[in-house]
2 protein chains.
Amino acid sequence: MSATAALRIGEVAQRVGVTPRTIRYYEELGLLGSGSEREKGSHRTYAETDIARLQELIRLRDLLGLTLEELVELAEAEEARAALRDRWEEDPSDEERLRIVEEAIPHVERQLSLVRGRQATLEEFAAELEAKLERLRRRRREPAR
Amino acid sequence: MSATAALRIGEVAQRVGVTPRTIRYYEELGLLGSGSEREKGSHRTYAETDIARLQELIRLRDLLGLTLEELVELAEAEEARAALRDRWEEDPSDEERLRIVEEAIPHVERQLSLVRGRQATLEEFAAELEAKLERLRRRRREPAR
DNA sequence: GATAATCTTTACGTAAACGTCAAATTGATC
DNA sequence: GATCAATTTGACGTTTACGTAAAGATTATC
């Protein structure tokens with residue numbers, strides 16, 4: 001995993017507003033990068049980038065209502081990218097950096113389009129509610145229909 | 001119930017995209033107007049206004065991620081309104097119409113504010129994603145950081 | 001290096017939101 | 001008024017997304 005602070009599961013959980021159990025569960029589903037390698041039985045460690053990633057997942061879950069299964073699909077696409085990002089810290093040759101960035105872009109674009117789509121749907125809904133409101137207000141002014 | 005066509009549960013389910021079981025479950029939770037009165041054992045009947053109502057619930061569930069329990073709260077506020085609306089069809093004196101409309105307005109306003117709130121949150125998320133995208137694109141242009 | 005706090009693994013439990021099955025009933029149609 | 005599809009009620013089953021409890025191991029701290 002990236003070489004930042006090295007947080008443990010409890011603090012990560014607190015900071016993103018979930019329980020440790022949730023984090024382990026997500027790892028079990030393959031949503032988190034399988035924690036690199038880790039001696040069986042030793043404590044899990046996380047870096048800031050892992051927190052960012054987890055928060056992203058939580059938001060996709062909460063704001064778009066994606067199921068964990070759907071998140072797994074999304075994440076699988078990102079797996080390759082995460083693997084590359086690991087090597088970023090080690091030996092980031094310019095050429096490799098470019099490849100990493102170029103892989104990341106369509107992934108973020110995909111997320112963005114999901115968000116934009118949901119926004120559009122919500123806008124439709126809002127418009128209908130506005131129309132309804134206006135009808136009601138008109139009726140209030142002129143009771144004779 | 002209002003005096004429109006008189007649909008049965010199967011068709012209602014098809015039209016809103018759920019199963020009959022879901023409709024019965026929602027009724028059990030008190031989300032649907034308890035089907036007015038209905039001889040025990042006889043088929044449930046629905047009118048167009050019931051379909052509209054159910055679709056509203058489904059959208060609140062899907063788009064805002066409200067739990068059925070939260071929907072019940074929202075619906076309870078609407079119950080009084082629904083009761084009034086029943087009398088709309090029978091004997092809608094102008095005075096009563098006015099009261100009904102005035103009860104309906106804050107309810108729709110409440111829904112609208114929920115939708116607007118969610119839109120705002122999504123806009124934040126979208127903005128972050130846009131920023132991320134731009135950072136990535138800049139790095140693609142100038143690989144040296 | 002002992003102690004305490006936190007963590008790991010394993011396993012069973014649970015709430016929400018329905019699915020599914022069965023047997024009896026209803027309502028539409030001929 | 002018989003038939004046949006759709007419905008009702010009741011009950012138990014299922015999936016998702018974790019909760020919870022227990023027993024032992026790890027890591028930080030003194």
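Each chain gets a letter, A, B and so on, in the order its sequence line appears, and its residues count up from 1.
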Task: Leading and trailing nucleotides of DNA chain C with any atom under 4.0 Å from heavy atoms of chain A - done: C:dT6 to C:dA11

- [ ] Return yes if some donor-acceptor pair links the side-chain N/O of B:Arg24 with the main-chain N/O of B:Ile9 below 3.5 Å, else return no.
- [x] no

Task: Distance (rounded to the nearest 0.5 Å) between A:Leu114 CG and B:Leu122 CG - done: 11.0 Å

Task: For DNA chain C, the residues among residues 9-19 of chain A that have a non-hydrogen atom under 4.0 Å from it - done: A:Ile9, A:Gly10

Side chains of residues 13-20 of chain A: which donor-acceptor partners sit under 3.5 Å, not counting sequence neighbours?
residue: A:Arg15; atom: NH1; partner: A:Glu48; partner atom: OE2; Å: 3.3
residue: A:Arg15; atom: NH2; partner: A:Glu48; partner atom: OE1; Å: 3.0
residue: A:Thr19; atom: OG1; partner: A:Arg21; partner atom: N; Å: 3.4
residue: A:Thr19; atom: OG1; partner: A:Thr22; partner atom: N; Å: 3.3
residue: A:Thr19; atom: OG1; partner: A:Thr22; partner atom: OG1; Å: 3.2

Open item on the list: Measure OH/B:Tyr25 against P/D:dG10 and give the value in whole Å, please.
Closed with: 17 Å

Task: Between P of D:dT16 and CZ of A:Arg21, the distance in whole Å - done: 14 Å

- [ ] List for me each residue that meets side chain to side chain donor-acceptor pair (under 3.5 Å) alongside B:Glu123, sequence neighbours excluded, and say none if there are none.
- [x] A:Arg116, A:Gln119

Open item on the list: Nearest 0.5 angstrom please: B:Ile105 CD1 to B:Ile100 CD1, how far?
Closed with: 12.5 Å

Open item on the list: Check this for me, if you would: do A:Arg137 and B:Glu102 make a salt bridge, where the nitrogen-to-carboxylate-oxygen distance has to be below 4.0 angstrom?
Closed with: no

Open item on the list: Could you check whether B:Arg61 pairs with B:Glu70 (Lys NZ or Arg NE/NH1/NH2 to Asp/Glu carboxylate O, under 4.0 Å)?
Closed with: no

Open item on the list: Can you build the contact string for nucleotides 22-30 of chain D? Use B for base contact, S for sugar-phosphate-only contact, and - for no protein heavy atom under 4.0 Å.
Closed with: ----BS---

Task: Below 4.0 Å: OP1/OP2 of D:dA6 and any side-chain N or O of B:Arg24 - done: no

Open item on the list: Without decimals, in angstroms, what is the distance between A:Glu28 CD and D:dT16 P?
Closed with: 13 Å

- [ ] For residues B:Leu54 and B:Leu32, report the shortest heavy-atom separation together with the two atoms involved.
- [x] CD1-CD2, 4.2 Å

Open item on the list: Check this for me, if you would: do A:Glu128 and B:Arg59 make a salt bridge, where the nitrogen-to-carboxylate-oxygen distance has to be below 4.0 angstrom?
Closed with: yes

Task: Non-neighbouring partners of B:Glu134 that pass salt bridge (charged side-chain N to carboxylate O under 4.0 Å, His left out), sequence neighbours left out - done: B:Arg138

